[in-house]
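Single-structure report; data block below.
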There are 2 protein chains.
Amino acid sequence: MSPRRSYDQYCSAARALDLVGDRWTLLIVRELLAGPRRYTDLHADLPGVSTDVLASRLRDMERDGLSTRRRLPPPGAAYVYELTARGRELLPVLQALGAWGEGVLGERRPTDAVRAHWFALPLLRGLEGFGAGLVEVRLEEGEFHVWVGAEEGAALYGDGPAPGEPDARLSFDGADTWGALGRGELSLAEAVRAGRVEVVGEGGLAKELREV
Amino acid sequence: MSPRRSYDQYCSAARALDLVGDRWTLLIVRELLAGPRRYTDLHADLPGVSTDVLASRLRDMERDGLSTRRRLPPPGAAYVYELTARGRELLPVLQALGAWGEGVLGERRPTDAVRAHWFALPLLRGLEGFGAGLVEVRLEEGEFHVWVGAEEGAALYGDGPAPGEPDARLSFDGADTWGALGRGELSLAEAVRAGRVEVVGEGGLAKELREV
DNA sequence: CGGCATCCGTGACGATACTG
DNA sequence: CAGTATCGTCACGGATGCCG
């Protein structure tokens, strides 16, 4: 049990950092925004985190009301971690960090890990201003899928095919394009207009995206 | 020289945390958003930071383009640290953290430090939606002043009287009121309407505030 | 006196090994 | 699969000293 290390400042930003300022915590939140995850999944998608630190963070987050631990019903009974409503409210923090970090992202370094759902945060930002809806995204040829949506009280994005009938499907023409979007060099609207992202679908959202 | 510890993830949020995720860094940014500060001022307003960590963070921030070190012209020649434009762009990150942290701020603990300018962040949020302008705030009877403004390229807030003729002056009726505003229990508009914040001034901003 | 650098004790962290 | 145990290392916090 970590005996909470606090900045001891009567300031809400400092208090927020008391809870989520530790190393790895916000990245765990980013992972769990993709929906419930098992310990091993988290460990696999957060290269470099040690097992004890991950376990410790998950305990702290549960104690602080950011996440819960739940046993999945059989078959496949396992423990999954998921965010509480309070934890999901950290999305704007990650968005602000992500927007700021676009300026320093640069090219991918050989040592950099990549996961498809990390790309969901800039995608969500790119979809702001458009109507809500479920969007399935193919980042490259093949099966490199992500989905992004606005379901209240549930996951905001995830790997793989969308968990339902998507309102629109986006197909990127390659890593250059989604890389540029992640770096903030290209907006989603621009990418669609330039033909670097194909929009498929009949729903209102798909039409909006095509008509920017 | 810190040999940069990175998460090594191709994700702009993770990259942002590479730069500002270390302990104290974002709080130093919060301090410097109030304008140029000397080393000793920073050390005094960040109780608990050790001298070497503060010096190390300031060096890292300068190396990373977040802040610069400048020598003040005599008299009173001293070094001051100030944010670059890039560093000032972290304001939304602090705002997102502060907005989220309102929910866990609670009552002031005996061990909590307080500074008047820490209150400027929630005040800035409360002024969003109103016209821009320079606002001077008296938090309690006496000389407990803060100012908040929207001068591009300069400090966003600070202690003491406003550095110019303010467009509006706000007077809080006591610590309960600005505490409630800091905790998010009360919006600035509500506080004005309830008579807990007095608005003085003839400018458009002052009128807007009175007429919510 | 302001602005650090140095030293030291403690705790956080990262890697690996191991267990129910 | 989901962690706990162990251990070396490094970051941090506190105190002191130095140097302009």
Side-chain angles (χ1 to χ4, degrees), chain A residues 1-9 14 17-28 31-32 36-63 67-82 111 113, chain B residues 1-9 14 17-28 31-32 36-63 67-82 111 113:
Chain A
M1 209 63 54
S2 335
R4 171 64 43 65
R5 189 168 53 150
S6 171
Y7 286 112
D8 284 331
Q9 299 186 354
L17 290 170
D18 284 344
L19 296 189
V20 301
D22 278 344
R23 193 163 165 76
W24 294 109
T25 302
L26 279 174
L27 295 184
I28 295 172
E31 294 303 306
L32 293 181
R37 286 283 181 275
R38 292 177 306 175
Y39 182 91
T40 313
D41 302 330
L42 292 171
H43 190 258
D45 282 343
L46 294 170
V49 71
S50 60
T51 57
D52 53 350
V53 166
L54 178 56
S56 168
R57 293 291 182 275
L58 289 168
R59 255 182 280 119
D60 292 345
M61 289 172 62
E62 185 167 3
R63 176 199 57 193
S67 65
T68 55
R69 199 172 95 121
R70 187 163 55 93
R71 189 177 202 75
L72 278 188
Y79 286 107
V80 289
Y81 298 87
E82 59 188 335
T111 51
Chain B
M1 211 62 52
S2 334
R4 171 62 42 65
R5 190 168 52 151
S6 172
Y7 286 112
D8 285 330
Q9 298 187 354
L17 289 171
D18 284 345
L19 296 189
V20 300
D22 278 344
R23 194 163 165 74
W24 294 108
T25 302
L26 279 174
L27 295 184
I28 295 172
E31 294 302 307
L32 293 180
R37 286 284 182 276
R38 292 177 306 175
Y39 180 91
T40 314
D41 301 330
L42 292 171
H43 190 258
D45 282 344
L46 294 170
V49 70
S50 62
T51 58
D52 54 349
V53 166
L54 178 55
S56 168
R57 293 292 182 275
L58 288 168
R59 254 181 280 119
D60 292 345
M61 290 173 62
E62 184 167 3
R63 176 199 57 193
S67 65
T68 56
R69 198 172 95 121
R70 186 164 56 92
R71 190 178 203 80
L72 278 189
Y79 287 106
V80 288
Y81 299 87
E82 59 188 334
T111 50

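Because only heavy atoms are used, hydrogens play no part in the values below, and waters and symmetry mates are left out as well, while side chains stay in. Residue numbers begin at 1 in each chain, while the letters A, B, ... track the order of the sequences.
Two residues are said to be in side-chain contact when any heavy atoms from C-beta on lie closer than 4.5 Å; A:Asp22 and A:Arg5 meet this criterion.
Ring orientation note: the planes of B:Tyr39 and B:Tyr81 are tilted relative to one another, at an angle of 30° to 60°.
Note on A:Arg69: only backbone sugar-phosphate atoms sit closer than 4.0 angstrom, heavy atoms only; bases stay farther off. A:Thr51 comes within 4.0 angstrom of a base, heavy atoms only.
If you check D:dA2, C:dA5, C:dC13 against the side chain of B:Arg5, the one that comes closest is C:dC13. With D:dC1, C:dA12, C:dG14 as the candidates, the nucleotide lying closest to the side chain of A:Ser50 is C:dG14.
Atom pair A:Glu62:CD and D:dA2:P shows a separation of 15 Å (rounding to whole Å applied). Between the C1' atom of C:dG14 and the CG atom of A:Leu27 lies a distance of 16 Å, rounded to the nearest Å. Across the protein-nucleic acid pair, B:Asp8 atom CG and C:dA15 atom P stand 11 Å apart, rounded to whole Å. A straight line from CG of B:Asp41 to C1' of C:dG2 spans 10 Å, rounded to a whole angstrom.
A distance-only check finds no donor-acceptor pair linking the side chain of A:Arg69 to the backbone of A:Arg59 [under 3.5 Å].
Shown here for A:Ile28 and A:Leu54, the closest heavy-atom pair between the two residues is CD1-CD1, 3.7 Å.
Comparing A:Asp52 and A:Tyr7, the nucleotide of DNA chain D nearest to each residue sits closer to the 5' end for A:Asp52.
A close approach under 4.0 Å does not occur between any side-chain nitrogen or oxygen of A:Arg59 and OP1 or OP2 of D:dG3. Within the structure, every side-chain polar atom (N or O) of A:Arg38 is placed at least 4.0 Å from both OP1 and OP2 of D:dG3. Between C:dG2 and B:Tyr81, no contact under 4.0 Å exists linking OP1 or OP2 to a side-chain N or O. For the pair B:Trp24 and D:dA11, the criterion of a side-chain N or O lying under 4.0 Å from OP1 or OP2 is not met. In this model, the phosphate group of C:dG14 is approached by a side-chain N or O of A:Arg23 to a distance below 4.0 Å at OP1 or OP2.
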Evaluate the side chain to side chain contact (heavy atoms under 4.5 Å, CB included) criterion for residues B:Gln9 and A:Leu46: first the C-alpha distance (whole Å), next the side-chain angles of each, then the deciding distance (0.1 Å), finally the verdict. CA-CA 9 Å; B:Gln9 298 187 354; A:Leu46 294 170; 3.8 Å; yes

